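Here's the structure we're looking at; comments come further down.
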Amino acid sequence: MTANDSPPEDRSADEEPDRSFAVDVEEVLEDADEEESPSQGLFDDLLSGDPIFENKEVLRPSYTPHELPHRSDQINKMATILVAALRGETPSNILIYGKTGTGKTASAKFVSQELEQTSKKYDVPCEVEYINCEVTDTQYRVLAQLANKFIEQNRAHAERRLEDLADLREAIEEGATAPEATPFGSATEIDSRVDELEEELEGMEPVPMTGWPTDRVYKEFFDAVDYRERVVVIMLDEIDKLVEKSGDDTLYNLSRMNSELDNSRVSIMGISNDLKFTDFLDPRVKSSLGEEEIVFPPYDANQLRDILQHRSDIAFEERALTDDVIPLCAAFAAQEHGDARRALDLLRTAGELAERGQAERVDESHVRKAQDKIELDRVVEVVRTLPTQSKLVLFSIILLEKNGVHNINTGEVYNIYKRLCEEIDADVLTQRRVTDLISELDMLGIVNAIVVSKGRYGRTKEISLSVPTEETEAVLLADSRLSQIEEIQPFVQARFDN
DNA sequence: TCTCCACGGGAAGTAGGGGCTG
DNA sequence: CAGCCCCTACTTCCCGTGGAGA
């Protein structure tokens, strides 16, 4: 991962139709053994049926809709605050709260797009930078990423100026007298300006992703922002993750920047899933960051229905859905705390299942199947990408569960875990560490661990699996290291009998 | 009522890998 | 190269703690 590999131009290419076709091919091949193979070509059958989707992209989470039903209040409030940027003033910092899938990010992105467009229209320098703090979760990385974005922009800016100057220079050389209006009357003045710019360009080297002291990165970022006059809105998505992992230093630094900047103004827009995260903040940061607060309440089933209806009109062919599909998706998602992302996912998956099953229309059964599939996919993905040590811990829990032990406690898990480690020759972690791993599994929703006190017999976590045993075990055993366990399983089991 | 189990969980420290500067 | 710095993954140390049973 290098710092300067973010060419945003690729996006349009990504969205070309043949890409989604490519995905479909994979899915078809994957399922080829399940379906009756037709006598004709592999694809003929699939193409011959009525298509269900008209534009599947609309249902993906990456899609930013042009209209966000039931969010106009929040959007208007954001716009009223951010309009200050277009007047060249510093907008108040904004904190946006709301659970996942309540349209926070979509609304914020929508508003920032509008803001940037309007700023171009009126030629006011105003930029929005989006950072997802779940990915970029340390002060260093946030600063480095911001610094690099601005450095890149500044480079582009300086390069444009250079081109302009070159044009001017050429014009002068061709004999035309430079217009009085230009500040660079003579060729020599242009040359010295060119030299200056080239020197500036030399200084604009990207910040490495690791290695520098943080204050140096901060300085670099600071200079890059202050390079020219503008208002910068920094959008920190999942800001609670950042605070949780690396404290409030980043926010403190960012919020006091304005007092030191000469040319530009910075405004922070924080987006958080967690209503209480400001409790951990320094009071100064808290008050400056929370100048304006906007809450996104969860959608209820009716609102979800509107949203789904809205998108499905674009996404699906006419009459591709039976009447009960959208209400059912909405109801399922409303149970999951009004998560619109989940609702859209459900609808898309249901559509895909119908398409694969070559059904003419999407109906209720597809939605139910989709619900199961999404849950299983999530679990499989999470388990598959677990580090080996966590896999071993999880495997220990599964072994215990399979042997009829319920309300498993930490000690039992640790004993089995130790045996497993010896068998596959892995490092044995301390019990302290293993409890942390169990807590992590709990947070991922793979196991359910509650702390209970058994009086005389101590205090422990009671652990139970919250995912299907067989499927999870299969995923674990697919790991190259864990697969060695398969043969020693009877041995481990024998330990229980004594 | 008091004890004391079997851990939970906070804090601080360490090792090792990556990367920079001079 | 040494001397920094940062990050992750872990260890060590240690101070709780809810409640069954003496």
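These numbers were taken from a predicted model, which means no experiment stands behind them. In the text below, chain A, chain B and the rest are named by the order of the sequence lines, each starting its count at 1.
- Residue pairs meeting the ring pair (Phe, Tyr, Trp, His ring centres under 6.0 Å) criterion with at least one member in residues 400-425 of chain A, sequence neighbours excluded: A/Tyr414-A/Tyr417.
- The bend of the helix from B/dT1-C/dA22 to B/dG22-C/dC1, defined by the angle between the axes of its first five and last five pairs, stands at 30° to the nearest 10°.
- For the pair A/Gln389 CD and C/dT8 P, the interatomic distance rounds to 18 Å; values are reported in whole Å.
- Taking the salt bridge (Lys or Arg N to Asp or Glu O under 4.0 Å) definition, one finds that A/Arg341 meets it with nothing, sequence neighbours left out.
- Residue pairs satisfying the salt bridge (Lys or Arg N to Asp or Glu O under 4.0 Å) criterion with at least one member in residues 386-401 of chain A, sequence neighbours excluded, are listed as follows: A/Lys391-A/Asp479.
- Atom NZ of A/Lys77 has more than 12 neighbouring heavy atoms from other residues, nucleotides or ligands inside a 6.0 Å radius.
- B/dA6 atom C1' lies 13 Å from atom CD1 of A/Ile463, rounded to whole Å.
- Listed pair A/Thr410 / B/dG8 meets the phosphate criterion, a side-chain N or O lying under 4.0 Å from OP1 or OP2.
- At whole-Å resolution of the value, CD in A/Glu462 and C1' in B/dA6 are 13 Å apart.
- The nearest whole Å value for the distance from the CD atom in A/Glu440 to the C1' atom in B/dG8 is 15 Å.
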For residues 288-295 of chain A, run the donor-acceptor check on the side chains, cut-off 3.5 Å, and write out each pair with its distance to 0.1 Å, sequence neighbours left out.
residue	atom	partner	partner atom	Å
A/Glu291	OE1	A/Asn93	N	2.7

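- Screening residues 135-168 of chain A for ring pair (Phe, Tyr, Trp, His ring centres under 6.0 Å), with sequence neighbours left out, gives no hits.
- Residues meeting the salt bridge (Lys or Arg N to Asp or Glu O under 4.0 Å) test with A/Lys120, sequence neighbours left out: none.
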- At under 4.0 Å between heavy atoms, which parts of nucleotides 11-22 of chain C does protein reach? Answer with one letter per nucleotide, 5' to 3': B base, S sugar-phosphate only, - none. BBB--BBBBBS-
- A/Ile374 vs A/Arg342, side chain to side chain contact (heavy atoms under 4.5 Å, CB included): CA-CA, chis, key distance, verdict: CA-CA 9 Å; A/Ile374 287 175; A/Arg342 177 67 180 241; 4.0 Å; yes
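- The CD1 atom of A/Ile450 sits 19 Å away from the P atom of B/dA6 (whole-angstrom rounding).
- Applying the side chain to side chain donor-acceptor pair (under 3.5 Å) test to pairs two or more places apart or on separate chains, those with a residue in residues 257-271 of chain A are A/Asp226-A/Ser264.
- Every side chain to side chain donor-acceptor pair (under 3.5 Å) that A/Lys219 has, sequence neighbours left out, goes to A/Asp223.
- The side chain of A/Lys461 places no N or O atom within less than 4.0 Å of a non-bridging phosphate oxygen (OP1 or OP2) of B/dA6.
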- Message: Across nucleotides 15-22 of chain B, 5' to 3', mark each nucleotide with B, S or - according to how protein heavy atoms within less than 4.0 Å reach it.
- Response: ---BBSS-
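- Distances from the side chain of A/Thr460 to the nucleotides B/dG9, C/dC7, B/dC7 place B/dC7 closest.
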Show the atom names and distances, to 0.1 Å, of all donor-acceptor pairs under 3.5 Å that link a side chain in residues 424-438 of chain A to residues at least two apart or in another chain.
residue	atom	partner	partner atom	Å
A/Thr430	OG1	A/Arg433	N	3.4
A/Arg432	NH1	A/Thr435	OG1	3.4
A/Arg432	NH1	A/Asp436	OD1	3.0
A/Arg432	NH1	A/Asp436	OD2	3.4
A/Thr435	OG1	A/Arg432	O	2.5

